[in-house]
Each structure stands twice: as C-alpha cells, then as structure tokens.
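Just below is one structure, and these are the notes that go with it.
Below, read A as the first sequence line, B as the second, and so on, with proteins coming before strands; counting in each chain starts at 1.
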There are 2 protein chains.
Amino acid sequence: MSNQAVPLSLDLTAVPCCPPLTQQRVSGETAALLAPAFKALGDPVRLQLMSMIASAEGGEACVCDLTPAFDLSGPTISHHLRALREAGLVDSERRGTWVYYRARPQLLRQLAALLAVEPTAPADS
Amino acid sequence: MSNQAVPLSLDLTAVPCCPPLTQQRVSGETAALLAPAFKALGDPVRLQLMSMIASAEGGEACVCDLTPAFDLSGPTISHHLRALREAGLVDSERRGTWVYYRARPQLLRQLAALLAVEPTAPADS
DNA sequence: CCTCTAGGTTGACACCTGTCTAATCAACGT
DNA sequence: ACGTTGATTAGACAGGTGTCAACCTAGAGG
C-alpha cells in the first residue's frame, strides 16, 4: 500500500534541494515540486496529523490512535492522510488489522531548508 | 496599506513558537494559526513570488518587476500577493506610483522551526 | 482638470476541497 | 462461512480557489 498512489516524480532527488527561499529565487520547477507539500500542510487537521505521526514514539502512529483525536469522521481522517501520503510527507503500512503511518523526513528537511532565514536581525550578523 | 487587511491575531507572539513538529504534537491552536501560512505557500506561483520578494536585493520587490515574471494577468498576481499579505508572510508599501513588497521573516522563521528535523540519519550524528 | 500609468477590486466562471453517509475491502475470530 | 472491527473508497454537496476581463483608484505630470 505504501507507494502505490504516488506516481509523481517524488524522488526529491529531482530537486536541486533548497537554497533558502530568502537567498535565491525558487525556480518554477522547484516551486511546482514543493508547493504541493506546503499545500498538504496548509490544513490545520493535516498539520496536526503530520505532527502526531512525526512525533509519535517508534516513529509511527496507528490510524486508530489518530482518528479519535479529532472531531471528524473516519473517512475524513483517511482523506487527509491520503493527502499527506500523496504529497510525499508520510508513508503507510498495514500490519494486521491496523494501518500505521510514518513520516518521511526527506521532504520535511527540504521544506525546512527552503524556509531557512538567517538568525534573527540582519543587524547582528 | 500595509496592515489594513490583517485583523487576524497575527501577532505570532500568540504562538508558543514552534517546537519542531517531529518532537512535540502541534496543538490545535498552533495548527490553526500556522496552517494558513503553509496554505499560502502551497501554490507554485505564490511560492515563487515569496521567494522573489524575500531574495530581492534591498529586501523588497516592486510589483512591476514581479508581474512580468509570470504568464499571468496583473489581477491574478495581485490576488496572490494579497494571499501572501493576509497570511502575514509579506508586507506592502506604496511609494509614488509603485508598490513594493517586503518579506516578514518572523513567520517564515516559525514555519522553518516547526519543520526542523534532526540532521540526516540518526546514525551519523 | 485631464490623461497616463501602476495596481487593486469586482464579478464571473470552472475547478478543487473538506466533510459527510453509505458502501466496500481487509484481517482476524470464531 | 460468518460476523466484527478497522480502514479506505465512492458519491454527493457546500464552500473555497485560481483565473480572467472589466472596471476602479492613486499618483505623477501636464
């Protein structure tokens, strides 16, 4: 189940990988590749889901633990998890009855690098 | 013109400010506050606009320089710039005939901090 | 006052999204 | 084979989004 619905060029090796947004203009290609990831994080529910998955002990979270944390139906959570999966931010694996989601740090790192800003004030550098 | 359309609680002082997503669960409030920023960056055009503004020399970019860089109408660019502005990512100022946009590093820093991931492999640290 | 130029605003349109219920699928125990 | 539980898929619907053409506003300069 893990990679089936991601036929995109989500190699991420395809991306020149992120000179900070503030230092070099993002190319159209890079933008087209990374914007979907930001978009996936652009929903409060998905942002929390991402965090719950990424910060879970063992590095993975069971859907059965994620769903009850929200006031939303199961299918809706499933829908958001799929969005995260198709964005390349998480990976899923079925083990027995349960499905576990796991963060994929590669893309997260690229996003973080892209948003990097020099320390605090441009004066104290 | 700068701050008029942002009555939101975009203090950003309101946010506990970003223990990394991977280390602590993002609260509902933090998610509600930061997700719109990710959402604003979740469009290729806006991501490029953000980059062009943030990386511009002098720290600001004129709309007259931004618009011709895309194959889009003026109003569409204006629409995207507004989205960035209302997300708290940029600020605009009119000087004479032209309007200049400038990045607001605060929020960018928060987003980057939120996405921070420990180096690369937990092995080679 | 008039006009020219740079941007923004409005209204319209097609499309995408978040949410739900209902139906379906997958694995485990009888 | 059957029923139960966990999760995804399908279909539907309201609301949001990206885009444009048309119009409007703000300065600069006659």
* Looking just at side-chain N and O atoms, do B/Y100 and B/R94 make a donor-acceptor pair shorter than 3.5 Å? ->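 Side-chain D/A pair, B/Y100 to B/R94: absent.
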
In whole angstrom, give the distance that lies between atom [atom1] of [X] and atom [atom2] of [N].
X: A/W98; N: C/dC28; atom1: CH2; atom2: C1'; result: 9 Å
X: B/E86; N: D/dT17; atom1: CD; atom2: C1'; result: 13 Å
X: B/R95; N: D/dA26; atom1: CZ; atom2: C1'; result: 16 Å
X: A/L49; N: D/dT8; atom1: CG; atom2: P; result: 11 Å
X: A/D65; N: D/dA7; atom1: CG; atom2: P; result: 8 Å
X: B/R85; N: C/dG7; atom1: CZ; atom2: C1'; result: 10 Å
X: B/F38; N: D/dT17; atom1: CZ; atom2: P; result: 17 Å
X: A/L66; N: D/dT8; atom1: CG; atom2: P; result: 10 Å

* Asked: Which nucleotide in the set C/dG7, D/dA28, D/dA7 lies at the smallest distance from any side-chain heavy atom of B/C64?
  ->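 Closest of the options to the side chain of B/C64: C/dG7.
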
* Side chain of A/V63: nearest nucleotide among D/dT8, D/dA28, C/dA27? ->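 Nearest nucleotide to the side chain: D/dT8.
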
* Asked: For C/dG8, does OP1 or OP2 lie under 4.0 Å from any side-chain N or O of B/S78?
  ->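 Indeed, a polar side-chain atom of B/S78 lies that close.
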
* Is any side-chain nitrogen or oxygen of A/Y101 closer than 4.0 Å to OP1 or OP2 of D/dT8? ->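 Yes, because at least one side-chain N or O of A/Y101 sits under 4.0 Å from OP1 or OP2 of D/dT8.
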
Under 3.5 Å, is there a donor-acceptor pair between the side chain of [X] and the main chain of [Y]?
X: A/T30; Y: A/V26; result: no
X: B/R104; Y: B/L89; result: no
X: B/S51; Y: A/Q24; result: yes

Residues 60-74 of chain A side chain polar contacts: donor-acceptor under 3.5 Å, at least two apart:
residue : atom : partner : partner atom : Å
A/E60   : OE1  : A/R102  : NH2          : 2.8
A/E60   : OE2  : A/R95   : NH2          : 2.5
A/T67   : OG1  : A/V63   : O            : 3.1
A/S73   : OG   : A/T76   : N            : 3.4
A/S73   : OG   : A/T76   : OG1          : 3.0

* To do: For the residue pair A/L81 and A/V99, establish whether any side-chain heavy-atom pair is separated by less than 4.5 Å.
  =>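 No, every pair of side-chain atoms sits at 4.5 Å or beyond.
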
Would you list the protein and nucleotides 18-25 of chain C atom pairs, both N or O, that sit under 3.5 Å from each other?
residue : atom : partner : partner atom : Å
C/dG18  : OP1  : A/R46   : NH1          : 3.4
C/dG18  : OP1  : A/R46   : NH2          : 3.0
C/dG18  : OP2  : A/R46   : NH1          : 3.2
C/dT19  : OP2  : A/H80   : NE2          : 2.3
C/dC20  : OP2  : A/S73   : N            : 2.9
C/dC20  : OP2  : A/S73   : OG           : 3.0
C/dC20  : OP2  : A/T76   : OG1          : 2.7

Please list every donor-acceptor pair under 3.5 Å in which a side-chain atom of residues 33-41 of chain B meets a protein atom from a residue at least two apart or in another chain.
none

